[in-house]
Amino acid sequence: MQQGRLFDIQHFGVHDGPGIRTLVFFKGCPLRCLWCCNPESHSPDEQIRYVDFKCKACFQCVNVCPYQGITPLDESVKIDFVQCTTCLKKSCLDACNHGTLNLTGYTISAEKLIKIIGKDSAFYRNSGGGVTFTGGEPLSQPEFLGKILRKCKKAGIHTAIETCGYCSQAVLKEIIPLVDLFLFDIKIIDPEKHRKYTGKSNQLILENLTYLSTQKKRIIIRFPLIPGITDTDQNINDVILLLKKLGLVEIDLEPYHGLGIAKYEELGMEYLLHGIAGDSGYPIDRLRQIEDFFIPF
Ligand code: SF4
Ligand code: SF4
């Protein structure tokens, strides 16, 4: 039975493709964009998440950890994410009755997932919607993605994927016929800056987008506006040149927000982009200016 790993399924989405959509979040991503607001999507593995403000300091979790991964503090506990192996027993989760310790990520069969997706069929029909596979990176689990996409096609459900484009071209070619809409992220055109801020070269991504643009599929480019990183005049001009060269005419601008920052600490990860302009909302005047650049599209 084909199984995949997800970290969330959301219903009634309206921003990630046409109509009302079910959003399926895949766990695991090859990129490490410093501004990522879904750090729980990075690792393909299950992870313990500790939501500090919910802790009642009952210390029921402390002694059950076989790896001494939990230390009592005055009014909470400290999780040692190096000691924690996300062990099979996960006794800490059973011990905590306050929703403070949670597991992020779960496996699911394609059969079960299509049943969940199918329950929203009436909304798809009435709104022109469908399902959007996002993440994380859906193409990082190509066999599972292919299987669920085939089931959606068979059921007549409109399919979209949001992708960072970092996958082998063989994987992309396999998936293209099964997808109605690609939401394709383009972040930085300068190769060195791309590597610096996302952890990976953009060569494969640009090659994949170039190939995809020849395949008569609907493509919407998603362009995150990260102050001083992606939203520089130089990068915006480079993105515009790329879109013109490939004949792509649809673009979504995605202004930076810091809404995912707390999740880094909850997962024992470090957020490295503190203090950039826009932490408390992307500057609206700069957004208007950038929208003007893209008006010809
Ligand atoms: S998941 Fe296992 S190793 Fe990690 S804190 Fe809980 S009991 Fe300890
Ligand atoms: S069991 Fe839950 S509420 Fe109690 S100390 Fe541990 S994390 Fe906090």
Side-chain angles (χ1 to χ4, degrees), residues 1-11 23-113 116 133-145 148 164 198-200 257-274 279:
M1 192 188 293
Q2 187 75 54
Q3 294 214 310
R5 180 154 296 150
L6 309 179
F7 68 91
D8 202 4
I9 298 175
Q10 293 177 5
H11 304 272
L23 310 179
V24 178
F25 293 82
F26 279 53
K27 196 151 169 27
C29 183
L31 266 54
R32 291 291 178 271
C33 306
L34 293 187
W35 53 85
C36 179
C37 61
N38 282 333
E40 70 273 46
S41 73
H42 293 183
S43 165
D45 302 322
E46 293 177 334
Q47 288 170 282
I48 292 290
R49 183 167 165 188
Y50 172 66
V51 186
D52 180 77
F53 72 89
K54 290 186 179 174
C55 184
K56 301 286 184 258
C58 66
F59 304 133
Q60 294 298 314
C61 57
V62 173
N63 292 326
V64 298
C65 175
Y67 299 97
Q68 287 78 50
I70 307 179
T71 310
L73 303 175
D74 284 349
E75 294 179 1
S76 60
V77 291
K78 181 171 169 27
I79 310 294
D80 183 335
F81 286 96
V82 177
Q83 290 296 326
C84 171
T85 59
T86 321
C87 67
L88 283 178
K89 282 178 137 183
K90 299 179 185 67
S91 329
C92 59
L93 298 179
D94 294 335
C96 182
N97 292 320
H98 301 284
T100 314
L101 287 166
N102 301 291
L103 194 64
T104 295
Y106 57 93
T107 49
I108 188 167
S109 68
E111 287 71 23
K112 187 164 180 200
L113 181 55
I116 294 172
F133 299 100
T134 179
E137 175 51 61
L139 290 166
S140 67
Q141 299 181 53
E143 281 152 24
F144 178 66
L145 179 65
I148 192 68
C164 70
T198 73
K200 286 281 196 296
H257 61 75
L259 296 177
I261 294 175
K263 289 193 273 183
Y264 281 78
E265 200 172 334
E266 292 169 5
L267 293 156
M269 298 163 68
E270 195 179 357
Y271 186 72
L272 297 169
L273 217 57
H274 279 300
D279 248 359

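One-based numbering, in listed order, for ligands and for the atoms of each.
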Fill in the blank from the handout: The answer for which part of V64 has a heavy atom under 4.0 Å from ligand 1 is neither

Problem - Heavy atom of the protein closest to atom 2 (Fe) of ligand 2 (residue, atom name, distance) - result: C96 SG, 2.4 Å

Practice task
Say whether K27 and Q47, considering side chains only, have a donor N or O and an acceptor N or O under 3.5 Å apart.
Solution key: yes

Completion exercise
Closest non-hydrogen atoms of F7 and Y106, given as atom of the first, atom of the second and distance, are C-CE2, 4.1 Å

Problem - Aromatic ring pairing Y264/Y271, orientation class (parallel under 30°, perpendicular over 60°, tilted between) - result: perpendicular

Fill in the blank from the handout: One finds that the ligand 2 atoms under 4.0 Å from a non-hydrogen atom of T100 are 2 (Fe), 3 (S), 7 (S)

Completion exercise
Under 4.0 Å from one or more heavy atoms of I48, ligand 1 contributes atoms 1 (S)

Handout entry: Residue F59 vicinity, atoms of ligand 2 by number, heavy atom under 4.0 Å
Key = 4 (Fe), 5 (S)

Practice task
Would you tell me whether N97 and K56 have side-chain atoms, one donor and one acceptor, within less than 3.5 Å of each other?
Solution key: no

Handout entry: Nearest-contact summary for atom 6 (Fe) of ligand 1 - protein heavy atom, Å
Key = C92 SG, 2.3 Å

Practice task
Kindly confirm whether atom 4 (Fe) of ligand 1 is within less than 2.8 Å of some N/O/S atom in C84?
Solution key: yes

Fill in the blank from the handout: heavy-atom search around atom 8 (Fe) of ligand 2 in the protein gives C55 SG, 2.4 Å

Practice task
Taking only heavy atoms of V77 into account, list the atoms of ligand 2 that are under 4.0 Å away from them.
Solution key: 5 (S)

Completion exercise
All heavy atoms of C29 vs all of G136, minimum pair found to be CB-CA, 4.1 Å

Practice task
Using a cut-off of strictly less than 2.8 Å, determine whether C58 has an N/O/S atom near atom 4 (Fe) of ligand 2.
Solution key: yes

Handout entry: Stepwise side-chain contact (heavy atoms from CB on, under 4.5 Å) check, H11 with I116
Key = CA-CA 10 Å; H11 304 272; I116 294 172; 4.0 Å; yes

Exercise for the section: Check step by step if ring pair (Phe, Tyr, Trp, His ring centres under 6.0 Å) holds for F25 and F133. Expected result: CA-CA 6 Å; F25 293 82; F133 299 100; over 10 Å; no

